[in-house]
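Quick note: numbers below take in every heavy atom, side chains included, and nothing from hydrogens, waters or symmetry partners. Note that the coordinates shown come from a computational prediction; the quantities given were computed from them, not determined experimentally. A, B, ... follow the sequence lines: proteins, then strands. Residue 1 opens every chain.
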2 protein chains.
Amino acid sequence: MTPSPASDKRQHVVETAYALFKRAGFHSTGIDRIIAEADVAKMTMYRHFPSKDELIVEVLDYRARRFDDQLDRLAREGTTPEQKIAKIFDWHGRWFRRPDFHGCLFAHALAEFGDPQHPVFKAVARQKNSLRQRLQSILEQMMPRGRAESAATTLLMLIEGATLMAHMGQGDTAIRDARKAALDIIAASRGPQ
Amino acid sequence: MTPSPASDKRQHVVETAYALFKRAGFHSTGIDRIIAEADVAKMTMYRHFPSKDELIVEVLDYRARRFDDQLDRLAREGTTPEQKIAKIFDWHGRWFRRPDFHGCLFAHALAEFGDPQHPVFKAVARQKNSLRQRLQSILEQMMPRGRAESAATTLLMLIEGATLMAHMGQGDTAIRDARKAALDIIAASRGPQ
DNA sequence: AGGTGATGAGACAGGTCTGTCTCACAGTGC
DNA sequence: GCACTGTGAGACAGACCTGTCTCATCACCT
């Protein structure tokens with residue numbers, strides 16, 4: 001028994017599935033395709049994940065962790081709250097420009113698993129709420145809690161909308177306008193009552 | 001031969017497919033399910049639509065037409081440009097509250113058909129660009145074209161983001177904040193340079 | 001009445017899907 | 001040497017998918 005290589009295999013399956021789901025969607029990507037690309041036996045996959053749905057949840061959670069790590073690193077670079085927000089928008093702008101950008105995996109998961117009771121739906125909600133909470137925490141350094149809550153929701157909507165437009169090939173325009181709008185919103189929220 | 005009833009059948013298939021796609025997604029909804037729900041023969045469906053993909057495009061175009069009609073009617077009610085914009089946001093707020101709301105069918109289609117060459121992808125792009133153009137036309141009554149272009153993109157992003165949040169059960173908060181942000185953006189765009 | 005063309009119902013083909021099962025093999029402790 | 005345990009490879013089951021085909025039926029026109 002070698003637990004460490006076993007975990008390596010498991011992680012390898014997750015990352016391979018992630019790449020395939022991102023490109024072709026969840027329902028369109030079959031198990032056979034995943035194990036062929038990952039070069040593992042079918043039983044190996046089913047020993048690690050009881051079903052395809054559980055694998056999807058695992059992929060989403062993995063992606064959410066990586067996303068959080070990247071934004072954590074970014075947050076340490078920014079000094080002022082405005083800078084931190086701006087850096088998050090810039091990060092999205094760079095993401096949109098990547099050749100392997102295919103839209104937001106979480107938004108796609110929401111489209112394919114629309115039932116709120118479904119574990120995949122819940123994984124999506126976790127990620128979006130986490131991003132919303134991150135934005136709110138930053139904004140609370142600039143404005144009272146109530147306003148930060150509204151502003152965080154607005155910024156999240158701008159980001160999600162920009163991601164959708166980027167998927168349609170208008171990422172540059174979208175992120176520029178979203179960034180500018182975000183600063184307007186912050187100014188309006190912290191300025192007059 | 002009765003051409004009128006035939007068209008009725010065709011339209012009935014489109015509407016039935018629309019309801020099913022909205023609830024369960026595109027890949028998850030089989031042809032068998034559609035014809036059973038619509039109570040037509042399989043050959044009837046394939047005589048009207050050469051393939052499932054073509055049916056999907058037809059459904060999206062049908063939905064886009066209906067959406068445009070509703071916003072046209074709304075636009076005639078509003079008097080000032082601000083009112084017209086506000087009415088569009090209000091319409092979305094009412095949509096989010098409907099019990100049969102399941103998110104944006106076009107966003108879902110984008111998630112399942114991510115290839116820009118695919119006819120379904122193109123149908124989605126048509127609808128989003130149409131909404132963006134509608135917003136821009138209204139905004140151009142208040143501000144120069146360049147600014148109206150940016151503001152229209154921003155408003156579209158707010159609407160798309162709000163729709164995604166509404167799908168996650170936060171429609172009320174989302175539309176309220178989006179509406180407020182939209183007015184802020186408009187004020188900032190028409191005010192100082 | 002008889003011919004014609006559109007339609008409904010469902011069998012069918014060929015492929016793909018998820019998930020299970022069997023069997024061979026490799027490493028480990030005794 | 002030998003039992004034991006975890007793993008790889010792939011056959012298999014059973015369901016579902018899209019799209020085609022056959023055949024009976026029915027309205028309409030002459």
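Scored by the side chain to side chain contact (heavy atoms under 4.5 Å, CB included) test, Ala109(B) finds Phe26(B), Leu60(B), Val120(B), Val124(B) as partners (sequence neighbours excluded). For Asp53(B), the side chain to side chain contact (heavy atoms under 4.5 Å, CB included) partners are Ser51(B), Ile56(B), Phe113(B), His118(B), not counting sequence neighbours. Legend: residues meeting side chain to side chain contact (heavy atoms under 4.5 Å, CB included) with Ser137(A), ordered by chain and number and at least two apart, are Gln133(A).
Atom C1' of nucleotide dG19(D) and atom CD1 of Ile35(B) are separated by 11 Å, given to the nearest angstrom. The CD-P distance, from Glu54(B) to dT18(D), rounds to 15 Å in whole Å. Asp39(A) has its CG atom 7 Å from the P atom of dA9(D), to the nearest Å. His48(A) has its NE2 atom 16 Å from the P atom of dT20(C), to the nearest Å. When rounded to the nearest whole Å, the span between CZ of Arg47(A) and P of dG8(D) equals 6 Å. In this structure, the CE atom of Met43(B) is 9 Å from the P atom of dC21(D), given to the nearest Å. Whole-Å rounding puts the Met45(A) CE to dT20(C) C1' distance at 13 Å.
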What side-chain donor-acceptor pairs closer than 3.5 Å can you find for residues 35-46 of chain A, not counting sequence neighbours?
unit_1   : atom_1 : unit_2   : atom_2 : d
Lys42(A) : NZ     : Asp32(A) : OD1    : 3.0

Could you list the protein-to-nucleotides 16-19 of chain C atom pairs, N/O on both sides, closer than 3.5 Å?
unit_1  : atom_1 : unit_2   : atom_2 : d
dT18(C) : OP1    : Lys52(A) : NZ     : 2.7
dT18(C) : OP2    : Ile31(A) : N      : 2.6
dG19(C) : OP2    : Tyr46(A) : OH     : 3.1
dG19(C) : OP2    : Lys52(A) : N      : 3.0
dG19(C) : N7     : Lys42(A) : NZ     : 3.3
dG19(C) : O6     : Lys42(A) : NZ     : 2.6

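Checking Arg145(B), Met143(B), Glu149(B) one by one against Arg147(B), the side-chain contact (heavy atoms from CB on, under 4.5 Å) holds for a single residue, Met143(B).
Counting only residues at least two apart or in different chains, salt bridge (charged side-chain N to carboxylate O under 4.0 Å, His left out) contacts with residues 155-171 of chain A comprise Lys128(A)-Glu160(A).
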